2 protein chains.
Amino acid sequence: MTSTQELTKNQSLVFNALARADGPLSAYTILDQLRGDGFRAPLQVYRALDKLLDYGMIHRLESINAFVACSHPHEHNHSHGMIAFAICDKCGQVSEFSDDIITDRVRDWTTSHGFKQSKTTIEIRGVCANCGNA
Amino acid sequence: MTSTQELTKNQSLVFNALARADGPLSAYTILDQLRGDGFRAPLQVYRALDKLLDYGMIHRLESINAFVACSHPHEHNHSHGMIAFAICDKCGQVSEFSDDIITDRVRDWTTSHGFKQSKTTIEIRGVCANCGNA
DNA sequence: TTTCGATATGTGATGTTATTACATTAGTCA
DNA sequence: TGACTAATGTAATAACATCACATATCGAAA
Ligand SMILES: [Zn+2]
Ligand SMILES: [Zn+2]
Ligand SMILES: [Zn+2]
Ligand SMILES: [Zn+2]
């Protein structure tokens, strides 16, 4: 499930929309982009997004209700640590990175508190280097 | 601005609704709870929430579209580091903590990338110790 | 005290994001 | 074939959030 080839038609269409975008897209923006391909209802987008999230090919940005293609295209599912996103509020660009020490600190807290973590969101909002130099 | 006394009527009503709740509440849940106090429209809630967020008295949980009273009632605005939330998907309980090392690591990344951070979200979803022992 | 500006409020309409419910279609495997 | 699972199509609805405009409240300046 880590190759674009095995995707269904709708999943491919949604993934390609995200992959060619230069930033995150909302589900309804994707829907509008794919009307020419036969998309008519939000569920067609959301169902594909759910699968792509499962496969680790895209990420959901909780703080802006949008989705972005994973920037590590050949290592889906991020078997390494948890992922952080830096989101520019000016231009919308998203930088994805992971940090082992943050991963460790979060795991330390959860284990010491008996908390079984399933998914962790780290989103840094601000202004990127390009936009800050304006 | 760090005392409940200086709040307006609507702000007090919304804050008290969150303070007496045992977990996060959505804006519309708050609205329903306050209909008896004269609330009729979402904006009455959202405007109060915005102010309370400004004052640091409440937090917004991005991953569940809900709001929670700050669990550090006497140190609003968290002049210390950034805050992380552990959210139990079973019972809804939220634990709030901050970690200087995580704060440092995030700041290291942002400064080295010229990214001016304004607000950082860290939300850990999972199952708390109580619910995990079921 | 009157005037003014800033803040807060009331209300309806609208915009945006996500899910429910049900019917249909397409592939898989006895 | 039949039975099963996954994927899809569609309409309706739910859940979350903001816009636009009118009104009210309060404190400082004149
Ligand atoms: Zn990724
Ligand atoms: Zn930017
Ligand atoms: Zn707090
Ligand atoms: Zn729990």
Side-chain angles (χ1 to χ4, degrees), chain A residues 1 3-18 21 23-55 57-68 87 89 92 119 121 123 125, chain B residues 1 3-18 21 23-55 57-68 87 89 92 119 121 123 125:
Chain A
M1 287 308 185
S3 158
T4 303
Q5 312 309 326
E6 309 178 17
L7 298 176
T8 68
K9 177 165 169 269
N10 285 4
Q11 288 161 15
S12 293
L13 287 166
V14 170
F15 179 74
N16 289 335
L18 285 171
L25 300 178
S26 78
Y28 279 76
T29 301
I30 296 170
L31 174 58
D32 287 340
Q33 289 190 9
L34 296 181
R35 293 213 185 264
D37 297 290
F39 274 49
R40 323 247 351 203
L43 212 48
Q44 296 175 291
V45 177
Y46 282 109
R47 286 201 274 228
L49 289 171
D50 283 346
K51 286 296 182 186
L52 295 169
L53 287 168
D54 277 352
Y55 302 159
M57 299 176 66
I58 67 172
H59 300 292
R60 175 182 168 82
L61 302 175
E62 306 282 0
S63 68
I64 57 173
N65 295 322
F67 302 84
V68 68
I87 304 167
D89 290 331
K119 181 173 190 296
T121 296
E123 296 179 17
R125 304 286 296 276
Chain B
M1 288 306 184
S3 159
T4 303
Q5 311 308 326
E6 309 177 16
L7 297 177
T8 67
K9 177 167 171 267
N10 284 4
Q11 288 160 14
S12 294
L13 287 166
V14 169
F15 179 73
N16 289 335
L18 285 171
L25 301 178
S26 77
Y28 277 75
T29 301
I30 296 170
L31 173 59
D32 287 340
Q33 289 190 8
L34 297 180
R35 294 214 185 260
D37 297 289
F39 274 49
R40 321 244 356 199
L43 213 47
Q44 295 175 291
V45 177
Y46 282 109
R47 287 200 275 228
L49 289 171
D50 283 346
K51 286 297 182 185
L52 295 169
L53 287 169
D54 277 351
Y55 303 158
M57 299 176 65
I58 66 171
H59 301 291
R60 174 182 168 82
L61 301 176
E62 306 282 0
S63 68
I64 57 174
N65 295 322
F67 303 84
V68 68
I87 304 168
D89 289 331
K119 181 174 190 297
T121 296
E123 295 178 16
R125 303 287 295 275

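Order of the sequence lines fixes the chain letters, A, B, ..., with proteins taken first and strands second; residue numbering starts at 1 for each chain. This is a predicted model, so every value here is computed, not measured.
A donor-acceptor pair is defined here as one N or O able to donate and one able to accept, closer than 3.5 Å; such a pair exists between the side chain of Glu123(B) and the backbone of Glu62(B).
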Quiz prompt | Step-by-step side-chain contact (heavy atoms from CB on, under 4.5 Å) determination, Asp37(B) to Lys9(B) | solution = CA-CA 10 Å; Asp37(B) 297 289; Lys9(B) 177 167 171 267; 6.0 Å; no
Practice problem: Using the side-chain contact (heavy atoms from CB on, under 4.5 Å) rule, take Val14(B) and Ile58(B) through it: C-alpha gap first, then chi angles, then the decisive distance, then the call. | Solution: CA-CA 10 Å; Val14(B) 169; Ile58(B) 66 171; 5.8 Å; no
Quiz prompt | Chi angles and distances behind the salt bridge (charged side-chain N to carboxylate O under 4.0 Å, His left out) call for Arg35(B), Asp32(B) | solution = CA-CA 5 Å; Arg35(B) 294 214 185 260; Asp32(B) 287 340; 3.3 Å; yes
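Regarding contacts with the backbone of dT7(C), every side-chain N or O of Thr8(B) stays at 4.0 angstrom or more from both OP1 and OP2. Put simply, Gln44(B) has a side-chain N or O that comes within less than 4.0 Å of OP1 or OP2 on dG10(C). Considering only side-chain N and O atoms, Lys51(A) lies under 4.0 angstrom from the phosphate OP1 or OP2 of dA7(D).
In this structure, the CG atom of Asn10(A) is 17 Å from the P atom of dA6(D), given to the nearest Å. Taking atom CZ of residue Phe39(B) and atom C1' of nucleotide dT11(C), one finds them 14 Å apart after rounding to whole Å. Regarding Phe15(A), its CZ atom lies at a distance of 17 Å from the P atom of dA7(D), rounded to whole Å. One can place CG of Leu13(A) at 15 Å from P of dA7(D), the figure rounded to the nearest angstrom. Atoms CG (Leu52(A)) and C1' (dA7(D)) sit 13 Å apart, rounded to a whole Å. Whole-Å rounding puts the Asp32(B) CG to dA14(D) C1' distance at 13 Å. With rounding to whole Å, Leu61(A) atom CG is found 15 Å from dT17(C) atom C1'. A straight line from CG of Leu49(B) to C1' of dA8(C) spans 15 Å, rounded to a whole angstrom.
In terms of heavy-atom proximity, Ser63(B) sits nearest to Ile87(B) at OG-CD1, 3.9 Å. Ile30(A) approaches Ala17(A) most closely through the heavy-atom pair CG2-CB, 4.4 Å.
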Please enumerate all protein N or O atoms sitting under 3.5 Å from an N or O of nucleotides 16-18 of chain D, with distances to 0.1 Å.
residue	atom	partner	partner atom	Å
dA17(D)	OP1	Arg60(B)	NH1	3.0
dA17(D)	OP1	Arg60(B)	NH2	2.4
dA17(D)	OP2	Tyr46(B)	OH	3.0
dA17(D)	O5'	Tyr46(B)	OH	3.4
dA17(D)	N7	Tyr28(B)	OH	2.7
dA17(D)	N6	Tyr28(B)	OH	3.3

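At a threshold of 4.5 Å between non-hydrogen side-chain atoms, the residues Gln33(B) and Leu25(B) count as touching.
Under 3.5 Å, the side chain of Arg47(A) and the base of dG9(D) form at least one donor-acceptor pair of N or O atoms.
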